[in-house]
Amino acid sequence: QVQVVESGGGLVQPGGSLRLSCAASGFTSENSLVGWFRQAPGKEREAVSCINTFDSGTYYLDSVKGRFTISRDNSKKMVYLQMNSLKPEDTANYYCAIRMGIYTGQFIRQRCNGDMNYWGKGTLVTVSS
């Protein structure tokens, strides 16, 4: 049974940092695209960042470039999202999602979307003073 579980959310002041973790289990293949998505109240879900487990190719939403870093540990089947210089507009529920397969180059951005195969239940990030 496939499971995707996020952790690491919480309340942080503007300018602070958080690290989100995504634990995946139950997969028979190690080749996948793992992404972080977020949805704020009253807004549509958006793709924040994706990484492939093949060659660590990445995609970032423009508004988080230079502040967020996605990374992976294949041996532990973990993906992390380090979030620095957090802003109130980063407040949202953050979801980890997985798409099976190998996606490189331009296909990382194309496939980092709502049509992922498996989703976690989310972790809340609140940036407020």
Side-chain angles (χ1 to χ4, degrees):
Q1 182 179 359
V2 173
Q3 284 191 319
V4 180
V5 180
E6 307 94 336
S7 61
L11 173 63
V12 63
Q13 292 186 343
S17 298
L18 281 175
R19 188 177 83 153
L20 304 183
S21 299
C22 174
S25 62
F27 295 95
T28 57
S29 171
E30 293 185 352
N31 295 317
S32 63
L33 184 67
V34 183
W36 287 98
F37 298 77
R38 67 186 181 187
Q39 187 166 22
K43 295 187 177 181
E44 293 187 354
R45 181 175 57 195
E46 61 182 355
V48 176
S49 182
C50 278
I51 186 169
N52 74 29
T53 58
F54 178 67
D55 63 6
S56 294
T58 58
Y59 157 78
Y60 291 96
L61 182 67
D62 283 348
S63 62
V64 307
K65 286 181 180 177
R67 300 189 298 124
F68 291 11
T69 303
I70 192 169
S71 61
R72 64 181 176 88
D73 184 335
N74 283 2
S75 65
K76 297 180 180 179
K77 294 188 177 180
M78 296 287 294
V79 170
Y80 307 97
L81 185 68
Q82 178 67 43
M83 305 186 296
N84 299 327
S85 302
L86 283 161
K87 305 176 181 180
E89 52 264 42
D90 294 317
T91 295
N93 274 306
Y94 283 72
Y95 300 89
C96 180
I98 298 174
R99 180 193 293 273
M100 303 310 299
I102 297 177
Y103 303 94
T104 59
Q106 63 180 346
F107 295 104
I108 297 173
R109 169 61 186 97
Q110 292 181 6
R111 296 295 186 262
C112 187
N113 58 38
D115 292 332
M116 307 294 271
N117 298 124
Y118 305 102
W119 291 83
K121 294 182 179 181
T123 185
L124 179 62
V125 172
T126 303
V127 184
S128 175
S129 55

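Heads up: numbering here begins at 1 and tracks the sequence.
With hydrogens and angles ignored, the 3.5 Å screen pairs a side-chain donor or acceptor of E6 with a backbone N or O of K121. R67 places a side-chain N or O within donor-acceptor distance of the main-chain N or O of S85, the cut-off being under 3.5 Å. Without hydrogens or angle criteria, R99 side chain to D115 main chain gives a donor-acceptor distance under 3.5 Å. N52 places a side-chain N or O within 3.5 Å of a backbone atom of Y103 that can act as its donor or acceptor partner. Put simply, the side chain of N93 never gets that close to the backbone of G122: no donor and acceptor are under 3.5 Å apart. Using a distance-only test at 3.5 Å, with no hydrogens or angles considered, no donor-acceptor pair links the side chain of Y118 to the main chain of M100.
Ring geometry for Y94 versus F68: interplanar angle of 30 to 60°, hence tilted.
Put simply, CZ on R72 and CE on M78 are 14.0 Å apart, with the number rounded to the nearest 0.5 Å. Considering OG1 of T53 and CG of N74, their distance stands at 5.5 Å, rounded to 0.5 Å. How far NZ of K87 is from OG of S63: 7.5 Å, rounded to the nearest 0.5 Å. If you take OH on Y80 and OG on S71, they are separated by 7.0 Å, rounding to the nearest 0.5 Å. Expressed to the nearest 0.5 Å, how far OG of S49 lies from CD of Q82 amounts to 12.5 Å. Between M83 atom CE and L18 atom CG the span is 4.5 Å, to the nearest 0.5 Å.
Taking the charged nitrogens against the carboxylate oxygens, R38 and E46 do have a contact shorter than 4.0 Å, which makes a salt bridge.
Y60 places a side-chain heavy atom less than 4.5 Å from the side chain of T69. A 4.5 Å side-chain heavy-atom check between V125 and L20 finds at least one atom pair inside the cut-off. With contacts defined as side-chain heavy-atom distances shorter than 4.5 Å, the pair V34/C96 qualifies. Put simply, the side chain of Y95 does not reach to within 4.5 Å of the side chain of V4, judged on heavy atoms. For the pair S17/V12, no side-chain contact is recorded, criterion being any heavy-atom separation below 4.5 Å from C-beta on. Contact annotation: the side chain of T58 never approaches that of I108 to less than 4.5 Å [non-hydrogen atoms, C-beta and beyond].
Atom CD of E44 is surrounded by 12 or fewer heavy atoms from other residues, nucleotides or ligands within 6.0 Å.
Annotation for V5: hydrophobic cluster partners, listed by chain and number, are none (ILVMFWY side-chain heavy atoms under 4.5 Å, direct or chained).
Tracing side-chain contacts under 4.5 Å through hydrophobic residues (I, L, V, M, F, W, Y), one reaches L81 starting from L33; they form part of the same cluster. Linking ILVMFWY side-chain heavy atoms closer than 4.5 Å, directly or via other members, places Y59 and M116 in two distinct hydrophobic clusters. Hydrophobic clustering (side-chain heavy atoms under 4.5 Å, transitive across Ile, Leu, Val, Met, Phe, Trp, Tyr) groups I70 together with F107.
The heavy-atom pair separating S75 from D73 by the smallest distance is OG-OD1, 2.5 Å. Residues S21 and W36 come closest through the heavy atom pair O-CH2, 3.5 Å. Across every non-hydrogen atom of P14 and S129, the tightest pair is CD-N, 3.7 Å. Scanning both residues, I98 and S32, for their nearest heavy atoms gives CG2-CB, 3.8 Å. Scanning both residues, A92 and L124, for their nearest heavy atoms gives O-CD1, 3.6 Å.
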